[in-house]
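Read through the structure below, which is laid out as C-alpha cells, and then see the notes.
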Protein chains: 2
Amino acid sequence: MSKPDLTTTRLDDAARAGWLYYVAGNTQDEIAAKLGISRQSAQRMVSLAVSEGLVKVRLDHPIARCLDLAEQLKQRFGLKMAEVVPTDPGSTSTTLGVADAAAAEMTRWLKSETPIVLGIGTGRTLKAAIELLSPIECPQHKVVSLTGNIAPDGSAAFYNVIFNIADKIKARSFPMPLPVIASSPEERELLHSQAMIRPVLELSAQATVAFVGIGDLEDDAPLFIDGFISRQELLALRQAGAVCEIVGRAFDRNGVPIKGLTNDRVASAHIPSRDTAMVIAIAKGPKKLPGIEAALKGSLINGLITDEATAEALLAS
Amino acid sequence: MSKPDLTTTRLDDAARAGWLYYVAGNTQDEIAAKLGISRQSAQRMVSLAVSEGLVKVRLDHPIARCLDLAEQLKQRFGLKMAEVVPTDPGSTSTTLGVADAAAAEMTRWLKSETPIVLGIGTGRTLKAAIELLSPIECPQHKVVSLTGNIAPDGSAAFYNVIFNIADKIKARSFPMPLPVIASSPEERELLHSQAMIRPVLELSAQATVAFVGIGDLEDDAPLFIDGFISRQELLALRQAGAVCEIVGRAFDRNGVPIKGLTNDRVASAHIPSRDTAMVIAIAKGPKKLPGIEAALKGSLINGLITDEATAEALLAS
DNA sequence: TTGTGGTATGGGCAAATACTCACATAATGG
DNA sequence: CCATTATGTGAGTATTTGCCCATACCACAA
C-alpha cells in the first residue's frame, strides 16, 4: 500500500462500521472497540455510511410501496397530505380501502381538542367513508355541508352525508337546505342571500379541513345519475371541456372552473381556500383519473386519498 | 368487511412503522403520533418489522479488502465466483453476513428469465440464507434438493430447506423423500431406483447452480448432532481421514471422498458437476477451515461465499 | 356471573445514540 | 514563516431507544 486513497479508505471504514452496525448488530461502543477508535468516531463512521448512501434499507411488504407513492405524490403535486392504500386487483369498488383511509383521516382530525370546522362534500365515496367512521363524541367541532341537500324531486339528496356524520360524531351540523343546482343564476343568488343560508356559506369558507369527492362526467356521471343535471347539460359540460366536478362545480382538465352552463347555477359553497384549510379529496379508479389530475393541476386540493393503481397512473403522466 | 386477518393487518402496521422509521427517518415518537399509538407500541411495531424480516439492509460499498481477498481466492483456487464479507471479530455466529450474501447471490440467479435448476444442499448456514431471501415469484425455475429430507426418527430433517425456499420463490420443488443416510448400501440402491426418486436424482445432476454448506466433523459435527450418524461412525470417518462433509458425503483433506463407511450409504445426490454447474459453498469460521480447504483442493466447488478472516486463513496456507 | 390465562398497553428507566462545541492538527496560501 | 481554513477528535449533553413490569383487556370456561 503505497499511497492509499484517503476517500476510499474512509468510505471503506465507514462501510465496515456500517456493516458491523446494521448487519452484525453491534452497538457503536462495540464497533469502537473492535476498530480501535473512539465511540464518537464510530458514530461518525456509521452516520457517514448512512449519509453517503452506502446503507440501503428496503421493506419487503406491499405497504412500503404505498408509502413510497404517497411521498412521491406529495412531492410532485405539492400536497400537504397524501395517502395511498393498496389496490385490490380483483375489486372494482370505487370505495374499497379509500373509504377506510378517509374515515381514519377524519378521525385523526376529530380527535383534536381545539374546535375545528369540518367541511363535507358529497358522493358515494364520502358516504362510504362516513359509514365506516367510528362514533366519537366531539361536541367542540362544527361540521358544515358544502353542498345543498335537496334532490331535484324535493327529497333529501341521498349522497349528502351531513346528517350521517353529524349523528356519528355528535357535533353541531350545518346543512344547506338548498337544491344542489338552482334553476337559474338568479334563484341561486336569492337562495344564497337567505338568512338561513348565509351563515352556513360563511362557515364553510372558514373550514379547517374539508373532505370532498371527485365526480367524473362520463355517461354515468353521478351528477347525472342522481338527477341533478340533465343529459343535455352533461353533454354541454363535456363539450365545454369539463372533466370532473367537485361539490357540483365542473372543472376542465387544468382544474379551471367551466365558465357558464350549470356552473352558473351551482348552489354549493366554494371549495375552501387551500391557504387556510386542508382540502382532502378521496378518489380512486381509472374513471376518476382525469378528474384527480385536474384537481391537482388546478391546486383545488392539498390532500389526496387514493389507491396504488391510481397513484401510479398519476405519477406516470 | 368480514373478519380481517389479524396477522396481516398487524404486519401491515409493522411495515408502515418500519417504513416511517427506516425510510422516512421518523423517530418512534413521530411514528406514534402519526399512527395514533403510544411510543411503546410504535417501538414494538418497528421491532416486529425487523424481526419478521420485513426490513432488509444492504451495504452498497465494496470494501476494498474484501474485494481483494475475493479476487485472490478466485485466482488461487480457480474459482468462478467468490464473495468475501467483513468479519465481526466478536461474533461466533457461523452464518452472520455470509447468509445475507448467499441470499443476495441466490436472488441474482433467481432473477434470470431463462429457467434454471437450483440445487440446494442442507445445513444451518443455508437455512439462515433462505430465511433472509426476499420473496420473489419465479415459477420458471425448478429447485431440487440434493439431500434426503427424512431425519432418523422419521421426522422431516430440520435443516433441509427445500420447502422453505420453494415457498419463498414459488417455484416447482423437488424434494427427496429419503433418509439422509440409508441403513445399508443395498437400501440406498433400492431407494434410488424408486420411480419417485430417480427423476429427482437426474434433475439434480442437471442443476444450473447449487448452493451447499460444508459441515465439519469435529465432536459437534452437524451430521452427528442431528443424529444422522453415530459417534462411532463419526470417529471412524475421522480415523479414515475425513475432515468435512458436503450433502452428507465425507471427504478427506484433499477433497477426495472417503471410501466405505457411511459414504457407502449416503442417499444424497452427488454434487453437480463443476463443468456444467456453479457449485457455491457457503461457509466461514475456523471450524470449517479444513473443510473449505478440502473442497477447494478437491475442486468440489467453483464458488465460495465466506468471510474476511476465513479468506485470509485460506490464503495464508 | 366470575375466574383465568394469554395478550396488548403504557409508564418509567437505563442504555444507546445524535448533536453541539471547543480544541487540536494538518493542509493551504500568502 | 505565519495565518487561515478545513478536518477530525473527544467531552458533554439532549434525545431517542430498548426493555421490564404493572396493569388493562379480551376471550373463554366454569
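Proteins come first, then strands; the chains are lettered A, B, ... in the order of their sequence lines, and each starts at number 1. As a basis for the values below, the full set of heavy atoms in this structure was taken, side chains included, without hydrogen atoms, waters or symmetry mates.
Residue B:Ser173 comes nearest to B:Ile162 through the heavy atom pair CB-CG1, 4.2 Å, listed as atom of the first residue, atom of the second, then distance.
In this structure, OH of A:Tyr21 is placed 12 Å from C1' of C:dA15, rounded to the nearest angstrom. In this structure, the CG atom of B:Asp29 is 13 Å from the C1' atom of D:dG18, given to the nearest Å. Whole-Å rounding puts the B:Gln28 CD to C:dC13 C1' distance at 15 Å.
A salt bridge is absent between B:Arg65 and A:Asp12: the closest approach of a Lys/Arg side-chain nitrogen to an acidic carboxylate oxygen does not fall below 4.0 angstrom. Using a cut-off of 4.0 Å between Lys/Arg side-chain N and Asp/Glu carboxylate O, B:Asp307 and B:Lys288 are scored as not salt-bridged.
Against DNA chain C, the stretch residues 32-58 of chain A makes heavy-atom approaches under 4.0 Å through A:Arg39, A:Gln43.
Contact check for A:Met278 versus A:Thr208: no side-chain heavy atoms found under the 4.5 Å cut-off.
Counting non-hydrogen atoms of neighbouring residues, nucleotides and ligands closer than 6.0 angstrom, the CZ atom of A:Arg172 reaches no more than 12 such neighbours.
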